[in-house]
Structure formats: C-alpha cells, structure tokens
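Here is the structure we will look at.
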Amino acid sequence: MVEKKPWGGRFEGPTDKLVEAYTASLPLDQRLARYDIEGSIAWARALQKAGVLTPEEMDKIVRGLEEVGREIEKEGVPDDPSFEDIHMYVERRLIERIGTLGGKLHTGRSRNDQVALDLRLYLRAEIGEVRRLLLRLQEALLTLAEAHPDAILPGYTHLQRAQPVLFAHHCLAYVEMFERDAARFADCLARVDVLPLGSGALAGTTFAVDREYLARLLNFPAVSRNSLDAVADRDFALEFLAAASIAMVHVSRLAEEITLWASAEFAFLELPDAFATGSSIMPQKKNPDVAELARGKAGRVIGDLVALLVTLKGLPLTYNRDLQEDKERVFDAADTLKGTLAVLAPLVAALQVRTDRMRAAAEEGLLNATDVADYLAAKGLPFRQAHEVVGQIVRKCLAEKKRIEDLSLEVLRAFSPYFGEDVYPFMRLEACVDRRLTAGGTARARVREALREARARLRAAEGGA
Ligand code: ARG
C-alpha cells in the first residue's frame with residue numbers, strides 16, 4: 001500500500017520514486033535528530049502554555065518524543081527516502097507510538113522555522129567543540145615554544161632568510177592566529193544563538209505561543225525579530241563557514257611549514273613516526289601526509305563556504321527548498337575542521353625540533369646584515385649610506401663564502417671608518433634578536449613575557465571553555 005504523505009491531502013497521486021530520492025534529506029539531516037527532538041519538546045511545552053495542549057497531552061507527547069529520541073540513538077533511522085527528512089520521520093514515529101495525539105505537535109509550527117532552529121542548535125554545540133579543539137592546538141604550540149625558549153632560526157620574507165628570530169616567537173605567531181579564530185567563532189555564536197521557532201512557515205503563528213518562554217526553555221539569549229527573516233536567514237551558517245575557512249587557512253599555513261621544515265632541505269623538524277606515513281615504493285621515505293591533507297582540506301572547507309554563498313545569493317524571501325543544501329556544506333566543514341584540529345594538536349605536540357639545524361641556517365644567511373647597517377646608522381652614518389656599505393660587505397662575503405663576523409676589523413674599516421671593535425658582540429645572533437625589544441618583537445625578554453601571557457590567557461580560556 002502506498003502510504004500517504006503528511007501533506008498528502010491535496011494530492012491525488014503518489015510521488016514519483018525519483019522525486020522522493022532526489023528531494024529527501026533524511027540521510028543527511030538524521031544527525032539533527034537530537035536537536036529536532038529537543039526543539040519539539042520545547043514546542044510541546046509552549047503549546048500547552050498557549051492552551052493548545054492539555055498538561056496530560058503535553059506529557060504524553062514529551063514522553064513519546066523522548067522515546068523516539070532513544071530509539072533513534074540506538075537504532076538509527078531507516079534508509080528510506082519516502083520519509084523525506086528528520087522532521088517528518090520524528091513526527092511519524094511519534095504518531096506510531098502515541099497515536100493521533102502526536103498529530104497535534106505540529107500545530108502552529110512549520111518545518112521552515114523547525115529546520116532553522118535545529119541547525120542553530122547543532123551549530124551552537126559544534127562551535128563549543130571547535131573552540132575546545134582550537135585550545136588544544138594552541139596548547140600544543142605553546143608547549144613546543146616553552147620547551148625551546150632560546151632557539152634561534154632564520155625568519156623569512158619571500159621565503160628568503162631575512163633576520164634571526166626565536167623559534168618560540170614563530171610558534172606564538174600561530175597561537176595568535178588560532179586565538180583570533182576562537183574569537184571569531186565566539187562572535188559567530190552571538191548570531192547563531194537567536195531563536196527562530198515561532199516564526200511559522202514565514203508570517204508568524206496564529207496560536208498564542210510565548211516565544212520568550214521558548215527561548216528560555218532552549219537557552220537562547222535572544223528571539224528573532226522578524227518571521228520572514230527568521231526562516232530565510234542562513235547568515236549564521238555563512239559566518240560559521242567563514243570562520244571555519246579562515247581557521248583552515250591558518251591550519252594550512254602551519255601544515256605547509258611543517259611539510260617544508262620536515263624536508264631534508266630544511267630539516268628543522270623531525271616528524272614523529274606515529275604521525276608520518278611511508279611510501280609504497282621508496283623504502284627510505286617518511287612522508288608528512290597528515291600535514292599535507294590538512295593543507296588540502298582547507299580547499300574543501302573554502303569550497304563549502306563558496307557553495308553556500310552561491311546557493312543563497314539569488315533566493316527571494318522567504319524559505320526556498322534550495323536552503324536544504326546548507327546542511328551538507330555545514331556538516332562537511334564542521335567535520336573537516338574538527339577532524340583536522342584533532343589530529344594536528346598531537347602531531348605538533350610530538351614534533352622533534354632540530355634547534356641545531358635552525359641555528360646553523362641562521363648562522364649561514366648573513367642574517368645580521370640589517371643589524372650591521374643599524375650599527376653604522378647608530379654611529380651617525382645616514383641609514384641609506386649604511387645600507388649601501390653593508391651591501392658591498394655582503395658581496396665580499398658571498399664571493400669569499402664568509403660571514404660578516406669572519407672579516408677582520410681592518411677589512412671592515414676599509415668599508416667604513418665608523419666600524420669599531422664593538423661591532424663583533426653587536427653582530428651575534430642573540431644580540432640581534434635581543435635588540436628587537438619593541439612590544440611584539442622577538443627579543444628573548446619580550447618572548448619570555450609573551451609566553452607567560454599566552455599561558456595565562458590559555459588557562460583563562462580553558463577555565464571558561
Ligand atoms: N528538509 C528541509 C530542509 O532541510 C526541511 C524544511 C522543508 N520545508 C518545506 N517547506 N519543504 O530545508
């Protein structure tokens with residue numbers, strides 16, 4: 001027997017199987033089940049308060065919904081597109097359990113405000129999870145920095161060795177990025193955390209539902225102000241995807257540096273065996289596949305953001321079925337980001353840092369050239385001239401494969417009479433680093449302070465999370 005659809009009243013014939021398969025979202029949105037049930041329980045309470053349900057009816061519905069929730073948790077949902085979506089499936093199971101009374105639950109409600117609610121409840125939970133995972137990655141980076149507070153490596157611009165910096169300073173740069181990401185998610189939560197339920201299909205609802213009461217039941221600090229907006233709005237999902245994309249871009253840059261630094265050319269890092277993979281043909285290889293995949297998956301999350309932007313851009317008010325496409329993008333981005341953060345944090349924590357290789361690279365690249373120019377400038381030579389003089393010294397060093405500090409004072413004085421014996425201690429890498437004492441600079445004293453501050457912020461955030 002062909003079962004009738006819940007909306008079957010105005011239809012004479014059954015739905016084509018192709019249409020059922022094409023339009024169904026149950027395989028995807030079944031993961032919203034617990035939020036759908038949480039929202040429905042609150043709705044039943046609001047209906048009772050509005051006089052639509054008696055207290056007994058409400059009790060029966062609430063208990064029925066709880067049972068359906070447990071059943072779905074244990075057994076999942078059937079692989080059957082004729083149920084359409086999770087909202088229809090939950091309602092169907094409720095009616096099967098408690099009879100026609102279950103049919104009162106949907107009074108005054110639409111799947112349009114229902115799905116908007118479910119997605120917001122889901123994202124609220126995901127944001128909490130993402131923020132916890134971001135903290136774990138920050139923790140790993142900070143711990144790595146604290147373990148090597150004095151290690152010096154070349155800082156790069158244009159991927160050319162530029163000036164010496166502390167390894168800890170470099171790690172802290174990523175801690176900053178992930179802290180901003182966490183703040184972006186917190187900010188996005190303010191827009192997610194708005195109750196759309198009670199907006200009906202689009203125009204509001206004819207039953208005297210107390211939306212403030214609903215908001216309290218579901219822990220929403222705010223109630224949407226416009227019913228048309230509430231069922232059509234997916235800005236909150238876009239914001240989540242944008243925050244996820246930016247976080248994945250940061251992840252990708254870190255993953256790129258791990259990949260680069262684990263190469264024999266840099267050899268600044270050794271990958272832990274547990275987080276590396278081998279080659280099926282080249283026995284000597286140890287590949288950074290985790291970092292590479294993290295870099296690769298950034299493209300996928302950015303794709304999720306772009307896909308939803310494009311889905312939304314031409315939609316007239318209010319709900320359109322196109323909006324069903326939001327969930328796959330949001331789920332994919334959330335899963336990808338969480339999975340990536342979860343594996344990257346222990347990988348970073350287990351990295352072996354080759355401070356000797358970093359030091360050797362920093363000694364090699366004439367990284368103190370800027371400081372030598374600064375030295376001459378401090379002695380009174382205009383900086384432009386100092387730059388020119390040191391440029392010539394650099395040419396000599398490159399030709400003779402020497403460091404600036406290998407040149408005798410006599411040779412240096414031939415380039416400029418401003419040079420004195422005190423230039424040698426001035427050129428040491430530690431001295432170069434320590435002179436960057438401005439706030440946010442790489443001086444050891446500054447970075448120690450920055451490490452302490454980052455540790456304190458992390459503790460506070462962990463306490464709050
Ligand atoms: N499965 C739908 C979605 O995800 C639920 C809302 C459907 N509303 C409707 N009027 N057909 O968007």
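Numbering of ligands and ligand atoms starts at 1, following listing order. Hydrogens, waters and symmetry mates play no part in the numbers below; they use all other heavy atoms, side chains included.
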Heavy atoms from other residues, nucleotides or ligands near NZ of K60 exceed 12 (cutoff 6.0 Å): no

Polar side chain donor-acceptor pair, R329 to T311, under 3.5 angstrom: no

Identity and separation of the nearest protein heavy atom to atom 1 (N) of ligand 1: Q324 OE1, 2.8 Å

Close N or O approach (S25, ligand 1; < 3.5 Å): yes

Any R211 side-chain heavy atom under 4.5 Å of S199 side chain: yes

contact_flag E84 ligand 1 heavy-atom lt 4.0 Å: no

Residue and atom name of the nearest protein heavy atom (relative to atom 9 (C) of ligand 1), distance in Å to one decimal: N112 OD1, 3.6 Å

Heavy atom of K327, distance to ligand 1 below 4.0 Å: yes

Heavy-atom neighbours of E57 CD exceed 12 at 6.0 Å: yes

Closest protein heavy atom to atom 3 (C) of ligand 1, given as residue, atom name and distance to 0.1 Å: Y319 OH, 3.2 Å

Aromatic F11 / basic K5 pairing, under 6.0 angstrom, 45° off normal: no

Residue, atom name and distance, where the atom is the protein heavy atom closest to atom 5 (C) of ligand 1: D85 OD2, 3.5 Å

Side chain to side chain donor-acceptor pair (under 3.5 Å) assessment of E256 paired with S252: CA-CA 6 Å; E256 164 63 9; S252 183; over 6 Å; no

